[in-house]
There are 2 protein chains.
Amino acid sequence: MIKPRSRRGGGRPTIADVARKAGVGAITVSRALREPERVSEELRRQIQAAVDELGYVPDPNARALASARAEVFGVLVPSLTNNVFAEVVRGIYDSLSDSPFRIQLGNTHYSGLEEERLLQVFAPQRPAALIVAGIDQTPTSRKLLENAGCPVVQVMETGPDPVDMMVGFSHLDGGRAATEHLIEAGYRRIGFIGARMDPRSQRRLAGYRAAMEVAGLFDPRLVTTTPVPSSVSLGRELFRDALAKVPTLDAVFCNNDDIALGVLFECHRASIDVPKTIGIVGFNDLDMMQVAFPSITSVRTHRYEIGRRAVAMALAAIAGNRPEQRVVDLGFELKRRESSAR
Amino acid sequence: MIKPRSRRGGGRPTIADVARKAGVGAITVSRALREPERVSEELRRQIQAAVDELGYVPDPNARALASARAEVFGVLVPSLTNNVFAEVVRGIYDSLSDSPFRIQLGNTHYSGLEEERLLQVFAPQRPAALIVAGIDQTPTSRKLLENAGCPVVQVMETGPDPVDMMVGFSHLDGGRAATEHLIEAGYRRIGFIGARMDPRSQRRLAGYRAAMEVAGLFDPRLVTTTPVPSSVSLGRELFRDALAKVPTLDAVFCNNDDIALGVLFECHRASIDVPKTIGIVGFNDLDMMQVAFPSITSVRTHRYEIGRRAVAMALAAIAGNRPEQRVVDLGFELKRRESSAR
DNA sequence: GGCCAATTTGGTAGCGCTACCATCCCGGTT
DNA sequence: AACCGGGATGGTAGCGCTACCAAATTGGCC
């Protein structure tokens, strides 16, 4: 006689228990749960009753193994604490909370190699979809994404050559718009201050440079950057460096809002008038930008919406109707405020 | 003749392929990967060679099914965008990045019911450990945690009755320390401004109240709270409300740093002198607090360290040596700065 | 030299679920 | 009345891995 295995801890009910109780075959229970329309009204009710009574919950691991596909979205972002990505992730979570899909979140720490490593960890799980930040994957990562056999959405940026789908906006255009705004406002010695300088920051810088060159105002000494991770305190330091380098500086376009806030605080501390003596423009438009005194002009980006849209596109692709528009540009919005109103 | 099934997409190599190539049994490969010390040096090398050559990666789903235990940490936090929890989560991710454990992150949106729901989704995965924020689980959630059959760490707070383990600090003491500091600095009409008012905020408020009562300064009209989610702009509004209610207000202890920043900006805008006319103390000590002008006094909390410690404790428990100290208080540190130096 | 314990290796039998195919039943045709 | 097609249901055979136990090998000791 074979004694029942009791390896499993709490002895949770299995699909066989439900089938027995409902007086049907196990496969019918499986179908009733996944494709209810293929099971008769009556059996469906019986099965549901058995499920409720036993408190049956399908084992996602067994499901994944048998169907060679896990109900998991793999999500890769460069940072968990950067508010920008936190918002994207929040959008993804909110969009997926009512679905059967779980989320596997990975933190690449802005490293292409780490991204590769994580992709190698994610792939064996056969995720239902992959969402990755940025468009600058290493060749290896790109190959992993192409061979993942599931919908892939690159988020935060748009570009010419999607692995599969894209949702984002043009950082170059954003940087250009911010700079043009400062030029129009009458500033001339406009600096660029940037920390971290990941690919997106690089493109904002390129937008800045393009605008400055068109206006005949570009001067390499106006650019102050560092690979060090961004923070408010770093913004303050970089601004002091920039000012020491170019005392005639009359405005700064900052890489992001943290840097901009650091600049603002340093101006307060040094009694520099904003926007008269120094104009400030940030990037991303965090909530605090409109509250700051003076309020800070910033390029509003639609992070939460990017997350939601990415999920919507992936879900559509999973359901078989791939969106006709594979690259979605959600744009940005320049919020003009006191800090750049000369 | 049985034709080979080809359900699986890319036909990734399985443990059987590795075993065949290395000329050993499948189970030996499994052991070589999980408990190398139990396999002879020679076979280990052969197996490793086969693994490398084939690019074999174990299927986590099959593994979880066979061993009735997934290499997953379930993590539940009330918010993904609140910097405080983002830091905890970052600590967790960093501590787990070199381990085989994956992370299943859930966002409870500060809702006990949502926490229950997520726990019900997590439990069937048989996670290796669970990390949950806070100590105020619903009875149902508590039961789910107790029956999870894995180490459980409650983080962010300490309390008398851990489900299993705890890492955090006393929000009540933090609130008290902040308030006592303001009293010592000479402030008398000290307000409390709080948004969201989750259980941790409630306890900070209790600490505030205790300190005020001891000093004979408590007045319910000094307390301004709202269940609305916290933000810098909300801080500004609440401060205006508080000031309208109590024009003689001479200091505020804020629920968190976002609120404190909103207060500071409103003071700038209304030309209220900080710290002469109004003293400000925040909570958490975000990076920007020391950069703000004037710099803002805040209660520094060790969020990142909480995440790391929680993982360390869970890992130890998984390895069989449960820490002797089940409740770890990481404390806090009052950072005295310009905003409260009368 | 023989015996026993410890160590190393392997075979078998599932873990809980679903893909694939077979079966059954029904009403509509010829 | 025999036949057929289509929808509902079920049986079988794994998915890739590991727990359990058995077998083989080694080494130490009397």
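Numbered from 1 within each chain, the chains take letters A, B, ... in sequence-line order. Both backbone and side-chain heavy atoms feed into the values below; hydrogens, waters and symmetry mates do not.
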Sidechain N-carboxylate O distance under 4.0 Å for B/Arg308, B/Glu305 = no
query = Would A/Arg117 and A/Glu114 pass as an ion pair if we require N to O under 4.0 Å?
reply = yes
I'd like a table of donor-acceptor pairs (distance under 3.5 Å, sequence neighbours excluded) in which one partner is a side-chain atom from residues 143-153 of chain A, with atom names and distances.
residue: A/Glu146; atom: OE2; partner: A/Arg142; partner atom: NE; Å: 3.3
residue: A/Asn147; atom: ND2; partner: A/Lys143; partner atom: O; Å: 3.3

request  = Start with the C-alpha distance between B/Arg322 and B/Asp164, add both sets of side-chain angles, then the distance that settles salt bridge (Lys or Arg N to Asp or Glu O under 4.0 Å), and finish with yes or no.
outcome  = CA-CA 10 Å; B/Arg322 219 160 247 289; B/Asp164 182 7; 2.5 Å; yes
ask   = How far does OG of B/Ser95 sit from CE of B/Met313, to the nearest 0.5 angstrom?
value = 13.0 Å
message = Quick one, A/Arg12 with A/Asp59, criterion side chain to side chain contact (heavy atoms under 4.5 Å, CB included). Give me CA distance, side-chain angles, the key distance, then yes/no.
response = CA-CA 10 Å; A/Arg12 292 191 311 120; A/Asp59 181 326; 4.3 Å; yes
From [atom1] of [X] over to [atom2] of [N], roughly how many Å is that when rounded to an integer?
X	N	atom1	atom2	result
A/Arg126	C/dA19	CZ	P	14 Å
A/Arg63	C/dA19	CZ	C1'	14 Å
A/Leu65	C/dA19	CG	C1'	13 Å
B/Asn61	C/dT18	CG	C1'	14 Å

Residues from residues 15-43 of chain B lying under 4.0 Å of DNA chain D - heavy atoms = B/Ile15, B/Ile27, B/Ser30, B/Arg34
